Amino acid sequence: MSTGLSTARATVDGKEPALLSEGEVRSHFPALDRMHAGERVAYFDGPGGTQVPRAVGEAMTSYLYEHNANTYWEYPSSAETDAAILASRETLADFFNATAEEIAFGANMTTLTFHLARAIGRRLSAGDEIVVTELDHHANIAPWTALARERNISIRSVRMIPETGQLDWDHLEQQITPRTRVLAIGAASNALGTITDVRRAGELAHAVGALVFVDAVHYAAHSPVDVKLWNCDFAACSAYKFYGPHIGILYGKRDRLADLDVPKLDPAPDNAPDRMETGTQNHEGIVGAGAAVDWIASVSAGKDNRRARIVSALQGLHARSQPLFANLWEALSALPRLHVFGPPPNAPRTHTVSFVVDGVPAVEVVRSLAKRGIFATHGDFYATTIIERLGQAENGVVRAGLACYTTEDELNRLIAGIEEIASR
Ligand SMILES: Cc1ncc(COP(=O)(O)O)c(C=O)c1O
């Protein structure tokens, strides 16, 4: 299936640059042509969902128009569907640094996590403990607390440090006990951008025989997910956060997936990973998720394999936006009525920032920005505990995230807009 992807790069001194240029990256996103209030729209809403390159839309349309069928039948479009799903599993396996049998698709991360929690819970009993963290999105808290209610399991929650926006590691060590059965932890906070060392946390949990589940939803758009490095048992992310369509992806270590007591209908396949997938899948979404990963890989000029190109593209894009993010942080921190939350730019973090303007509700800030064609988000983003711990539960915070298509000019417009709001 053609993705219609153009990967032409300008040469510099006869050599291909390591990454597509900023202009080339932007030329792939039709949404960047949108005008609002006489301004070209600047999208800072990536942590809520990024824009989509043309190749993703084309791959999905091509699937629906030319190959659309149900699976496992003996005619060409059905066989093509089987092949397309397998190809996407292989592509997502490269994204996670896993194998295709370890990749399952589902509606979104939240639904997949509820399903996984239920399966794990069937083998837990009263007195067992699950460790969650205050730094997590509630999609990685609610499935576990629901399980705890149903099976009389205890939840132990690891504190965050409001001043730094980081996890309290001493508290994590205290919360993991010989009764811990699961550690559910996020690789990056969608509210603050904090990146957490999930490998280190996982080692602590594995030492007491617990399973480790990593929420990689926010992390995946900014840094290469590496389940081998993390040595986690399960991880999940969502393609709409990394330039793809609205679909979730679950990684499970091969033996763990095979061993789960998954709630499923009797005639459905019992082999991993299919046993994690209930009913007919979102075929076009699966194809789109694969196309999104292929698009990310195409940003890197390397001749290496796809995994290596995914890694170099994400690392290269992060390095490219580092000075922009540092400028944003510095400009916002200098404003007298503004409070910026989370770790500073030189700490492990994504390029997502949250802040409040004294005396101006977050919703008013984003409304004012939208009038300038600047799209940012407000609220608690379901990272409800973080926002409570920051004392901002009533008004929420404003969140601005940099993506691969963010330019210095857009950033200057954002800073000017916030300065104007804060000076009223
Ligand atoms: C860190 C994080 N985890 C989980 C989720 C939930 O993902 P989904 O919308 O795919 O259920 C989100 C969505 O914003 C998120 O940012």
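All heavy atoms count here, side chains included; hydrogens, waters and symmetry mates do not. In each ligand, atom 1 is the first atom listed, and ligand 1 is the first ligand listed. For clarity, every value in this text was computed on a predicted model and none was experimentally measured.
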Measure [X] to ligand 1 on non-hydrogen atoms and call it side chain, backbone, both or neither using the 4.0 Å cut-off.
X	value
Tyr240	side chain
Met109	both
Asn108	both

Check the orientation of [X] and [Y]. Use parallel for under 30°, tilted for 30 to 60°, and perpendicular for over 60°.
X	Y	answer
Phe325	His351	parallel
His67	Tyr63	parallel
Phe96	Tyr251	parallel

Near Ala139, which atoms of ligand 1 are under 4.0 Å from a heavy atom of that residue?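 Answer, ordered by atom number: 4 (C), 6 (C).
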Heavy atom of the protein closest to [atom] (residue, atom name, distance):
atom	answer
atom 16 (O) of ligand 1	Asn190 CB, 3.2 Å
atom 11 (O) of ligand 1	Thr110 OG1, 2.4 Å
atom 10 (O) of ligand 1	Ser238 OG, 2.4 Å
atom 15 (C) of ligand 1	His137 CD2, 3.2 Å

Could you check whether any heavy atom of Asp215 sits closer than 4.0 Å to an atom of ligand 1, since that is the contact criterion I want to use?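 Under 4.0 Å: yes for Asp215.
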Quick check on Lys241 - does any of its heavy atoms sit under 4.0 Å from an atom of ligand 1?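 Yes, that is the case, since the closest heavy atom of the residue is under 4.0 Å from the ligand.
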Assess whether a salt bridge exists between Asp261 and Arg122, defined as any Lys/Arg side-chain N lying under 4.0 Å from an Asp/Glu carboxylate O.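 Looking at Arg122 together with Asp261, the answer is yes, because their closest N to O distance falls below 4.0 Å.
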Less than 4.0 Å between a side-chain N and a carboxylate O, is that true for Glu150 and Arg118?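 A salt bridge links Arg118 with Glu150.
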Working to the nearest 0.5 angstrom, can you tell me the gap between Glu410 CD and Leu328 CG?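 Reported value, rounded in 0.5 Å steps: 12.5 Å.
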Nearest 0.5 Å, what's the OG-NE2 distance between Ser298 and His28?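 Ser298 atom OG to His28 atom NE2 measures 6.0 Å (nearest 0.5 Å).
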